[in-house]
Protein chains: 2
Amino acid sequence: MEKSKNKKNVRVNYGLAQKQVLANAGVKITFLRSKILAFAMDSKKPFSFEDVFLALRDTGIHRATIFRNLSLFKDAQILREVDMRQDAMFYEIATKGHHHHVVCKICGCVESFDMCGLDNLVEEFIKNSKEFDKISEHSFEMFGVCKKCYKKK
Amino acid sequence: MEKSKNKKNVRVNYGLAQKQVLANAGVKITFLRSKILAFAMDSKKPFSFEDVFLALRDTGIHRATIFRNLSLFKDAQILREVDMRQDAMFYEIATKGHHHHVVCKICGCVESFDMCGLDNLVEEFIKNSKEFDKISEHSFEMFGVCKKCYKKK
DNA sequence: TGCCCAATGCGACCGAGTCGCATTTGGGAT
DNA sequence: ATCCCAAATGCGACTCGGTCGCATTGGGCA
Ligand SMILES: [Zn+2]
Ligand SMILES: [Zn+2]
Ligand SMILES: [Zn+2]
Ligand SMILES: [Zn+2]
């Protein structure tokens, strides 16, 4: 796979899909951004800074660059943050649509569900609220022990 | 107000309610623990390390002591952690029973609701889950802009 | 009252995330 | 293709929440 390090006359493959997404979001296309985005698009579950860092360590990418781009992608609505109750923040592709997770309290594995079913309940909360007229977002994360971890005990 | 610093023959008021709670949880009773717990019991909403530190700064309490005791109280089921999507972790009295919050995205103010109404939905998720048999906890946090902040714009 | 171990103070340390600055690079204009 | 400049990156210092090990203090009990 091509690397941007090769000094001159290099035709870098930025990836078609990633290029599309970045251009569409009005974000300048660079080698590292397309790499980070490619990783994000391939990932089957929410990922952390650490995951990106490990995946791209052979490019010599700097930590700050990853943080800056994750933050940029979040602002550009390319990624969204997911709170997994771990030390670090997790991310996932924002186009995946609203959904929720079940997280294993032991191994940290994640199962995603596209269903939500919370709109009625949110309405209920607003009706009873003294201080809020409108609720624009919600997070609903479930926690348990996955089948694999349960067997191991 | 009494301080434990006064050298000798000081009758320190540990607070009846706090003493009860600590003894009940099998936790040794000290001046600072009763102060932290008193603050926690008085607090109308989830509080952070910072809140405790400010409230007790006149006692000269050390940062590490607060962290250690918040952690201890969590393990002893006196407090529970609440994730408010801020930098720092928040806490609230664990006996307050299961409930949920609406958090203002601007000023960070919080409204609590004793209702849950998610048990059915959680059941639904378990039925559809491939990797989990049982969900032991869930978090459900809502986010919006409070009436006060909305007016200011 | 005095003893012993747990609680505290203290300061070094850690790791996630940020910032300012020097260097490099993407991409539009020529 | 080349030039050029703003924007992206590397770099390392810094901030801040939180932890740790060790020396000192003070609860609780005999
Ligand atoms: Zn597991
Ligand atoms: Zn939902
Ligand atoms: Zn507000
Ligand atoms: Zn609930």
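Since the model is a prediction, treat every value here as computed from it, not as a measurement.
Partners of B/R80 by side chain to side chain donor-acceptor pair (under 3.5 Å), not counting sequence neighbours, listed by chain and number: B/E92. By the side chain to side chain donor-acceptor pair (under 3.5 Å) test, A/K147 is found to be paired with no residue, residues two or more places apart in sequence or in another chain being considered. Scanning for side chain to side chain donor-acceptor pair (under 3.5 Å) contacts around A/E111 gives B/S129, with sequence neighbours left out.
Remark: C1' of D/dG27 and NZ of B/K19 are 11 Å apart, rounded to the nearest angstrom. Straight-line distance from the CD1 atom of B/I29 to the C1' atom of C/dT8: 17 Å, rounded to whole Å. Atom NZ in B/K74 sits roughly 13 Å away from atom C1' in D/dT19 (whole-Å rounding). To the nearest angstrom, C1' of C/dG17 lies 13 Å from CD of A/E50. Here the C1' atom of nucleotide C/dA16 and the CG atom of A/D51 are 14 Å apart, to the nearest Å. Atoms CE (B/M89) and C1' (D/dT19) sit 15 Å apart, rounded to a whole Å.
For A/Q20, the CD atom is loosely surrounded, since the number of other residues' heavy atoms within 6.0 Å does not exceed 12.
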Q: Sugar-phosphate atoms are those with a prime plus P, OP1 and OP2; base atoms are the rest. Using that split, label each nucleotide of nucleotides 3-16 of chain D B, S or - for protein heavy atoms under 4.0 Å, 5' to 3'.
A: ----SSBBBB----

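Sorted by first and then second residue, the side chain to side chain donor-acceptor pair (under 3.5 Å) pairs involving residues 41-57 of chain A (not counting sequence neighbours) are A/S48-A/D51. Pairs passing the salt bridge (charged side-chain N to carboxylate O under 4.0 Å, His left out) check and including a residue from residues 114-132 of chain A, sequence neighbours excluded, do not occur.
Axis deviation across the helix from C/dT1-D/dA30 to C/dT30-D/dA1 amounts to 30°, comparing end segments of five pairs, rounded to 10 degrees.
Clustering of Ile, Leu, Val, Met, Phe, Trp and Tyr by side-chain heavy atoms under 4.5 Å joins B/L118 with A/V102, A/F113, A/M115, A/L118, A/L121, A/V122, A/F125, A/I126, A/F132, A/I135, A/F140, A/M142, B/V102, B/F113, B/M115, B/L121, B/V122, B/F125, B/I126, B/F132, B/I135, B/F140, B/M142.
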Extract all donor-acceptor atom pairs below 3.5 Å that involve side chains of residues 65-75 of chain A and protein atoms in other chains or at least two apart in sequence.
| residue | atom | partner | partner atom | Å |
| --- | --- | --- | --- | --- |
| A/N69 | OD1 | A/R33 | NE | 2.9 |
| A/N69 | ND2 | A/T65 | O | 3.2 |
| A/K74 | NZ | A/E81 | OE2 | 3.4 |

